[in-house]
Amino acid sequence: MDPLRAIKGMNDLLPEEIGRWQRVEQVCARMLSLHGFREVRTPCVESTPLFVRTMGETTDVVEKEMYSFEHHGDALTLRPEGTAGAARAYVEHAVHAREAVTRWWYLGPMFRAERPQRGRYRQFSQVGAEIFGDEGPGCDAEMIDMLVRLLGQLRIPGVEVLVNSLGGPATRSRYRGSLLAYLTPRAAALSAESQRRLQANPLRILDSKDERDQAAIRDAPSIHEFLDSGDREHFAKLRAYLDTLKTPYVVDARLVRGLDYYTRTLFEIKGAHDKLGAGNTLLGGGRYDGMIADLGGPSVAALGFAAGLDRLLIASDIDASTKLIDALVAPVGAGAIASGLLLARELRAQSIRCEIDTRGSSLKSQLRRANQLGARLVLILGDTELADDTVQVKDLDAHTQERMGRDQAVRVAIDRLLAASRNVDSAAPRPNGEPT
Ligand code: HAM
């Protein structure tokens, strides 16, 4: 029988990797809460029309990458992103009636049936945030600046910020016409994929990495020629705010991104190519001022971003703590196990992370395990200790070993371990600056 394996592009995260994931997630959550975002959790499954209507019928995600299925007559889809679900929840719960501006963040698994490669998976995690009720461009600049700081705290090198403006729907439709007129006579020179896209979604051709497409669009008209005065002013203010904040960015008039809901501000942040390869886009986002009204809500402006956590993990130089426990309780001989269980419970009540070996292993093998788990203290219970209610406290950092009463052993553990963990905490990234 063939062994049963995980689905291609969907990965297990084993405990040895979880430490780094949790650190990155904590840094993200702290940064978002510092900026007033509150966590929201929406379902992993939504109705298929939600994604088709918001992301656009002719986008790659909707055309080819959604995990859609029918269940009891309902068309359902595993969410490929978080924005549509957040917007649906915002409208469904009439959140606009309770607050003028809403700042939400989320973190969780997303699903896209893409060709798996490094940094591109079929189940991946995004951390993202959405602001409803602020037309910007101040909050657009604030979000981009926050993201640059976040990537700094995650120690991600080679960060490059690209910004663009797509204007409103009228601007886009005029630009689409002009791009179509420019590309149609050049259609034969385009890649097969772009020839197919030409009528349905010509803006996506600007995104193509294919050399034939790149050559064909070299002298194509720029969206900036089509922006109306409101769009232009919005974009100019965004750039001025970024300049004031000294947030580095590059204007890329060809940046369109893969989803149809965007209006005005668009941005992407890339990381160093050497670690991430072709999929070096760490995060992307922008405005989608029309979505809330399209979903049946009031006319409320919206802006957001999402970052691929898998990619942040690949790009980040943050280490996980190698100290998985603080202490190991080591009963030597089966007679000491009950006493060891009690001691382990006392230590845990004092917030000391500890493990106990209940297999009756030799002291040598228990010491090996303590080393493996990064424990500083080993609390040894042998026949002598059982007889006079003492414990041998072995300190693997200080290279000492002392016999003492049980109560004193617990006090010593608290002193040495909790003081040490306070020092570890103070080495964590600071809320307002770079990691120390
Ligand atoms: P997106 O550009 O489709 O935007 O995805 C955002 C990020 O998710 C990407 O930059 C990438 O890091 C990560 N990502 C996407 N697909 C994969 C994959 N197959 N494997 C690993 N990582 C992936 C959105 O999803 C929008 N909802 C962003 C947004 C929020 N716009 C406004 N608000």
Side-chain angles (χ1 to χ4, degrees), residues 7-11 13 24 28 32 37 40 42 46 50-51 54-56 59-62 64-67 78-88 90 102-132 134 136 139-140 143-144 147 150-151 154 156 159-164 166 204 207 255-271 275-292 301-316:
I7 310 297
K8 192 171 169 208
M10 303 194 178
N11 302 316
L13 277 181
V24 169
C28 294
L32 287 158
F37 290 91
V40 65
T42 62
E46 297 270 2
L50 173 68
F51 299 114
T54 54
M55 298 168 83
T59 54
D60 281 356
V61 179
V62 169
K64 312 186 275 211
E65 296 168 2
M66 295 209 300
Y67 285 97
L78 297 188
R79 63 179 181 190
E81 56 118 45
T83 306
R88 193 238 349 109
Y90 177 84
T102 297
R103 290 182 162 221
W104 282 354
W105 73 271
Y106 52 86
L107 188 155
M110 308 290 161
F111 304 84
R112 297 185 191 178
E114 296 195 73
R115 201 155 51 82
Q117 60 186 70
R118 184 170 173 74
R120 175 170 298 139
Y121 310 108
R122 291 181 172 171
Q123 175 175 333
F124 58 99
S125 288
Q126 278 187 347
V127 59
E130 315 292 347
I131 302 178
F132 301 109
D134 189 337
C139 66
D140 307 31
M143 182 174 278
I144 295 169
L147 292 167
L150 174 65
L151 299 179
L154 293 174
I156 293 182
V159 163
E160 189 190 13
V161 182
L162 305 177
V163 297
N164 195 20
L166 279 187
R204 294 288 295 140
D207 245 5
L255 180 68
V256 287
R257 300 196 20 78
L259 309 168
D260 277 359
Y261 50 60
Y262 290 115
T263 52
R264 293 194 163 166
T265 309
L266 268 190
F267 56 87
E268 264 183 14
I269 305 189
K270 294 179 188 296
K275 279 194 173 177
L276 287 153
N280 66 337
T281 304
L282 295 166
L283 62 87
R287 274 199 166 272
Y288 48 102
D289 291 339
M291 191 191 292
I292 298 299
L303 164 79
F305 83 92
L309 272 174
D310 308 76
R311 296 190 190 176
L312 297 183
L313 262 291
I314 294 173
S316 167

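Count residues from 1 along the sequence. Just follow the structure's listing: the first ligand is 1, and inside any ligand the first atom is 1. Only this structure's heavy atoms are used, side chains among them; waters, hydrogens and symmetry mates stay out.
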For atom 20 (N) of ligand 1, closest protein heavy-atom neighbour: Tyr121 N, 2.9 Å
Side chain Thr59, main chain Leu259, donor-acceptor under 3.5 Å: no
Atoms in ligand 1 with a heavy atom of Leu283 nearer than 4.0 Å: 10 (O)
Heavy-atom check, side chain of Leu151 versus side chain of Leu312, under 4.5 Å: yes
Distance filter under 4.0 Å to Leu259 heavy atoms, resulting ligand 1 atoms: 4 (O), 24 (C), 26 (C)
Identity and separation of the nearest protein heavy atom to atom 19 (N) of ligand 1: Glu114 OE2, 2.6 Å
Leu282: numbered ligand 1 atoms lying under 4.0 Å from its heavy atoms: 10 (O), 12 (O)
Non-hydrogen atom of Gly128 closer than 4.0 Å to ligand 1: no
Min heavy-atom dist Gly258 to ligand 1 below 4.0 Å: no
Met10 side chain near Tyr121 side chain, heavy-atom distance below 4.5 Å: no
Identity and separation of the nearest protein heavy atom to atom 26 (C) of ligand 1: Tyr261 OH, 3.3 Å
Close approach, Arg287 and ligand 1, non-hydrogen under 4.0 angstrom: no
Residue and atom name of the nearest protein heavy atom (relative to atom 21 (C) of ligand 1), distance in Å to one decimal: Gly119 O, 3.1 Å
Distance filter under 4.0 Å to Glu130 heavy atoms, resulting ligand 1 atoms: 30 (C), 32 (C), 33 (N)
Nearest non-hydrogen protein atom, atom 22 (N) of ligand 1: Phe124 CD1, 3.5 Å
Protein contact of atom 11 (C) of ligand 1 - nearest heavy atom, named by residue and atom, plus distance: Arg311 NH1, 3.5 Å
Ligand 1 to Thr281 polar contact by distance, N or O atoms, under 3.5 Å: yes
Enumerated ligand 1 atoms positioned under 4.0 Å from heavy atoms of Tyr262: 26 (C), 28 (C), 29 (C), 31 (N), 32 (C)
Proximal atoms of ligand 1 relative to Gln126 (non-hydrogen, under 4.0 Å): 5 (O), 6 (C), 7 (C), 8 (O), 24 (C), 25 (O)
Side-chain (Asp134) to main-chain (Cys139) donor-acceptor, under 3.5 angstrom: no
Min N/O separation Tyr288 to ligand 1 under 3.5 Å: no
Any donor-acceptor N/O pair, Lys275 side chain to Ala315 backbone, under 3.5 Å: yes
Val161 side chain reached by Ile144 side chain, heavy atoms, under 4.5 Å: yes
N/O separation below 3.5 Å, Tyr106 to ligand 1: no
Leu303 N/O to ligand 1 N/O under 3.5 Å: no
Nearest-neighbour protein heavy atom for atom 13 (C) of ligand 1, which is reported as residue plus atom name and distance: Gly308 CA, 3.5 Å
Protein contact to atom 4 (O) of ligand 1 [nearest heavy atom, distance to 0.1 Å]: Arg257 NH2, 3.0 Å
Note, Met143 side chain near Leu303 side chain (heavy atom, < 4.5 Å): yes
Atoms of ligand 1 close to Gly285 [distance to a heavy atom under 4.0 angstrom, numbered from 1]: 31 (N)
Phe305 side chain reached by Leu147 side chain, heavy atoms, under 4.5 Å: yes
Contact check, side chains of Thr102 and Glu130, non-hydrogen atoms, under 4.5 Å: no
